[in-house]
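First the structure, in the form of structure tokens, and then the observations on it.
Convention: sequence-line order gives letters A, B, ...; per-chain numbering from 1.
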Amino acid sequence: MPELPEVQTIVSDLNKKIIGKKIVDVWCDWPKILQKPKRIREFKKKIKGAEIKKAWRRAKFIIIDTSFNLSIIFHMRMTGHLLLFNPQLKIKNHDPIIEDPVNRFIHFKLIFADKTELWFSDMRKFGTIALVPQNEVLKEKSLAKLGPEPLDEKFTFTVFSKQLGGQRGKIKQVLQNQEVIAGIGNIYADEILWEAKVHPKKLVSSLTPTNLRNIFTAIKKILAKAIVKRGTSVADFRDTAGKKGFYNGMRKAYQRTGEPCMRCGKKIKRIVIGGRGTHYCPKCQKI
DNA sequence: AGAACGTCTCGGCCGC
DNA sequence: TGCGGCCGAGACGTTC
């Protein structure tokens with residue numbers, strides 16, 4: 001589900017809502033999502049009594065630091081959600097989670113001393129949760145090899161060009177390669193390439209300086225805009241209150257097959273690249 | 001029936 | 001023939 005903007009939305013919510021909360025219990029009914037420790041008993045034993053210090057993001061990973069010098073690393077994969085459950089709201093029948101169509105897929109809960117809970121729901125059960133020492137978060141295998149954060153001010157055009165240098169594949173696949181740039185997935189890759197007027201199959205080695213400049217600008221612009229809009233909910237994405245993101249109405253390419261291009265009117269086409277559905281305008285985005 | 005917002009692993013092929 | 005690297009397909013649950 002989430003790419004960088006969606007993950008950032010969740011992280012912002014968490015920082016507003018769960019700082020200082022004390023974990024008193026942990027619940028899990030699908031042990032496979034626990035990467036380490038593998039057993040819930042051990043997970044609970046380690047984290048019980050810890051207070052939430054802060055939430056942050058690296059690529060599509062959500063990290064929650066605690067007072068025990070331990071961090072919980074979540075990855076939502078395709079359909080993961082982090083939902084904040086508040087029994088008070090439930091009583092008033094205003095709980096958005098109760099109306100959330102995906103709430104039957106809760107597989108993990110952090111239960112806090114104030115009776116609120118953080119739920120991890122995941123329809124497809126691809127998501128992962130790991131508990132690691134705080135100073136080892138970025139040393140985790142999957143995090144250690146991540147490329148630069150595209151919204152970091154240090155991610156300049158020079159850095160971007162350097163990252164793409166020597167890349168063999170098609171631009172769409174390279175944009176989604178987390179080791180090249182961290183956080184871009186299938187939706188925003190399509191949106192970025194539409195914005196930059198570059199064909200998704202174009203080889204990185206054949207990109208012109210103008211192409212490169214336009215892609216770089218589009219990455220910054222679209223990701224930032226999507227964060228302001230609290231992400232894209234084509235299907236499953238929800239924030240911690242179970243609400244959808246608003247970037248959906250701004251989509252220009254992703255899942256608009258057959259609809260008119262918002263620049264030229266030509267029908268958006270769907271092809272498959274690297275096994276992923278890819279949407280582009282055959283007139284604006286030439287190879 | 002086919003596709004879904006992600007990543008990891010495996011097997012085959014290419015070229016030293 | 002042997003090995004490393006790259007690439008694509010398949011796998012992972014489940015829903016609509």
### Task
Dot-bracket notation for DNA chain B is requested: 5' to 3', Watson-Crick or G-U wobble pairs only, both distances under 3.5 Å, with ( ), [ ], | and . as defined.
.|||.|||||||||||

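- Spacing between atom CG of A/N186 and atom P of B/dA3 amounts to 13 Å, rounded to whole angstrom units.
- Within the cation-pi definition used here (under 6.0 Å to the ring centroid, within 45° of the axis), A/R263 qualifies as a partner of A/W194.
- A/T257 and A/K269 share no donor-acceptor pair across their side chains, judged by distance under 3.5 Å alone.
- To the nearest angstrom, P of B/dT7 lies 14 Å from CD1 of A/I73.
- With rounding to whole Å, A/R57 atom CZ is found 14 Å from B/dG6 atom P.
- Listed pair A/Q178 / B/dG6 fails the phosphate criterion, with no side-chain N or O lying under 4.0 Å from OP1 or OP2.
- Scanning for salt bridge (Lys or Arg N to Asp or Glu O under 4.0 Å) contacts around A/K60 gives an empty result, with sequence neighbours left out.
- The number of heavy atoms from other shown groups lying within 6.0 Å of NZ (A/K220) is above 12.
- The distance between atom CG of A/D236 and atom P of B/dG6, rounded to the nearest whole Å, is 12 Å.
- We find that CD1 of A/I181 is positioned 18 Å from C1' of B/dT7, with the value rounded to whole Å.
- Applying the 4.0 Å criterion to OP1 and OP2 of B/dG6, one finds that A/H75 has every side-chain N and O outside that range.
- In this structure, A/H75 has no side-chain hydrogen bond (donor to acceptor under 3.5 Å, both in side chains) partners at least two apart in sequence or on a different chain.
- Nucleotides B/dT7 and C/dT15 are separated by 23 Å at their P atoms, to the nearest Å.
- Straight-line distance from the CZ atom of A/R238 to the P atom of B/dA4: 18 Å, rounded to whole Å.
- Between A/F237 and A/Y247, the gap from one ring centroid to the other reaches at least 6.0 Å.
- A syn base is found at C/dG13: its glycosidic angle is within 90° of 0.
- A donor-acceptor pair is defined here as one N or O able to donate and one able to accept, closer than 3.5 Å; no such pair exists between the side chain of A/S121 and the backbone of A/F105.
- Place A/S142 and A/R276 on DNA chain B by their nearest nucleotides, and A/R276 ends up nearer the 5' end.
- In this entry the distance linking CD1 of A/I271 with P of B/dG2 reads 20 Å, nearest Å.
- When the options A/K44, A/K48, A/K45 are evaluated for a salt bridge (Lys or Arg N to Asp or Glu O under 4.0 Å) with A/D25, the one that passes is A/K44.
- Applying the ring pair (Phe, Tyr, Trp, His ring centres under 6.0 Å) rule to pairs touching residues 253-274 of chain A yields A/Y254-A/H279, sequence neighbours excluded.
- In summary, the aromatic rings of A/F120 and A/H81 are positioned with their centroids too far apart to meet the 6.0 Å limit.
- B/dG6 atom C1' lies 16 Å from atom CD1 of A/I33, rounded to whole Å.
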### Task
Take nucleotides 9-16 of chain B nucleotide by nucleotide from the 5' end and write B, S or -, depending on whether a protein heavy atom sits under 4.0 Å from the base, only from the sugar-phosphate, or from neither.
S-------

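- Judged purely by atom type and a 3.5 angstrom limit, A/E3 uses its side chain to pair as donor or acceptor with the backbone of A/G185.
- Surrounding CZ of A/F246 are at most 12 heavy atoms belonging to other residues, nucleotides or ligands under 6.0 Å away.
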### Summary
Readout for nucleotides 7-15 of chain C: B = base within 4.0 Å of protein heavy atom, S = sugar-phosphate only, - = neither; 5' to 3' it is SS---BBBS

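- Across all strands, A/R270 comes closer than 4.0 Å only to sugar-phosphate atoms, never to a base (heavy-atom distances).
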